[in-house]
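Notes to accompany the following structure.
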There are 2 protein chains.
Amino acid sequence: MGITKSDQFTDHQNKMANILKALAHPARIAIVEYLLSVDSCICGDIVNELPLAQPTVSQHLKELKNAGIIKGTIEGKGICYCVNDDIITEIMSYFNTINKQLNFKKCC
Amino acid sequence: MGITKSDQFTDHQNKMANILKALAHPARIAIVEYLLSVDSCICGDIVNELPLAQPTVSQHLKELKNAGIIKGTIEGKGICYCVNDDIITEIMSYFNTINKQLNFKKCC
DNA sequence: ATTTATTATCGTAATATTGCAATGTGAAAA
DNA sequence: TTTTCACATTGCAATATTACGATAATAAAT
């Protein structure tokens, strides 16, 4: 059907799935990596860095914002973007938990 | 179009996107968490643990296997599953790199 | 006020994903 | 060898995603 049965899973499972989904596209990975590649806010020029049309980039930025992965601040004519470190910490702590549980498994 | 322009991005960006895509669904998150919840291999009964029909679960398991996130070993009549720790390590190291880069940014 | 630059939104086409009933497959048990 | 059990595959319907042209919206610059 293309429709996910979200109500059958826990809030946390849905939350993690949504966060990871926001990053589950090479363009959005590229955006995050580009934002990190410069030692300050990126204002404008994200569109020029990506091999995609402006509306497409705008859509990807919107998804990243909705998932809380990046923040955008209006700066005069354009917008300054940066990665939200809180959510990166949250992702790391999730995989850290997974990793800890893995260490206790003697398996396969 | 629904088609990703994968050839426009680096191999590593595509690889990370694919790994995260495999986890970007609550059912697949639930499968991984269930596999970790027991201190040994899970043989059988994954279908009974999930609120989805057997073909749907089978499909999700296939995607997790293709992305290298779980491994399945044929065990007589059924199959034993477990999480592949190598890929978890890979994910963690990716987000660790991101996090390190974030620490050098004074931003927004 | 008009122009210019930057980002957002709308509409739409192409493709992907999700979910399941029906059916197939392969191995053990009877 | 027939049945049974566990899982895979096929086929299909419903919905989601990706991408972009066209067009709007907003704010600075002229």
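The structure presented is a predicted model; accordingly, all values stated were derived computationally and were not measured. Side-chain atoms are counted along with the backbone in the values below, which use heavy atoms only and exclude waters and symmetry mates.
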Notebook entry, point to check: With sugar-phosphate meaning primed atoms plus P, OP1 and OP2, does B/Q8 contact a base, only sugar-phosphate, or nothing at under 4.0 Å between heavy atoms?
Noted result: nothing
Next item on the list: Identify which nucleotide among D/dA19, C/dT6, C/dA8 has an atom closest to any side-chain atom of A/Q54, counting heavy atoms from C-beta outward.
Entry: C/dA8
Check: Quick one: B/I70 CD1 to D/dC7 C1', roughly how many Å, whole number?
Finding: 13 Å
Notebook entry, point to check: How about B/Y94 and B/N99: does a side-chain donor come under 3.5 Å of a side-chain acceptor?
Noted result: no
Margin query: Tell me whether A/R28 contacts the main-chain N or O of A/A22 through its side chain, where contact means a donor paired with an acceptor under 3.5 Å.
Written below: yes
Check: Side chain of B/K62: nearest nucleotide among D/dT9, C/dT7, D/dA8?
Finding: D/dT9
Item checked: Which residue lies more 5' along DNA chain D, comparing B/Q59 with A/E75 via nearest heavy atoms -> B/Q59
Check: Roughly how many Å is it from NZ in A/K5 to P in C/dC20, rounded to a whole number?
Finding: 4 Å
Next item on the list: Check whether more than 12 heavy atoms from other residues, nucleotides or ligands sit under 6.0 Å from atom NZ of A/K15, and answer yes or no.
Entry: no
Check: C/dA29, C/dT17, C/dA8: which one has an atom nearest the side-chain heavy atoms of B/K21?
Finding: C/dT17
Item checked: Phosphate contact (D/dA19 OP1 or OP2) by A/H60 side-chain N/O below 4.0 Å -> yes
Check: Counting any heavy atom closer than 4.0 Å, what does A/L52 reach on the DNA or RNA strands: base, sugar-phosphate only, or nothing?
Finding: sugar-phosphate
Check: Nearest-Å distance, NZ (B/K77) to P (C/dA30)?
Finding: 8 Å
Note to self: In whole Å, I'd like the distance from the CG atom of B/L61 to the C1' atom of D/dA6.
What the structure shows: 12 Å
Next item on the list: Can you see which heavy atom on B/F9 is nearest to which on B/N14, and at what distance?
Entry: O-ND2, 3.5 Å
Check: Picking from D/dT9, D/dG21, C/dT15, which would you name as closest to the side chain of A/P55?
Finding: D/dG21
Notebook entry, point to check: In whole angstrom, what separates A/I74's CD1 from D/dA25's C1'?
Noted result: 12 Å
Check: Salt-bridged, B/K21 to B/E63, with N to O below 4.0 Å?
Finding: no
Next item on the list: Starting from the 5' end of DNA chain D, give me the residue, A/H25 or B/G78, whose nearest nucleotide shows up first.
Entry: B/G78
Next item on the list: Write down the distance between OH (A/Y81) and P (C/dT7), rounded to a whole number of angstrom.
Entry: 7 Å
Check: Closest to the A/A53 side chain: D/dG21, D/dA27, C/dA21?
Finding: D/dG21
Checklist line | Contact under 4.0 Å: B/S58 side-chain N or O vs D/dC7 OP1/OP2 | finding: no
Next item on the list: Mark yes when over 12 heavy atoms from residues, nucleotides or ligands other than B/E75 sit less than 6.0 Å from its CD; otherwise mark no.
Entry: no
Notebook entry, point to check: Nearest to the side chain of B/I79 - D/dA8, D/dC5, C/dT17?
Noted result: D/dA8
Notebook entry, point to check: B/E63 has an atom CD; how far is it from atom P of D/dA8, in whole Å?
Noted result: 13 Å
Next item on the list: Calculate the interatomic distance between A/I31 atom CD1 and D/dA19 atom P; express it in whole Å.
Entry: 10 Å
Check: When all nucleic acid strands are considered with a 4.0 Å heavy-atom cut-off, which category describes A/T4: base, sugar-phosphate, or nothing?
Finding: sugar-phosphate
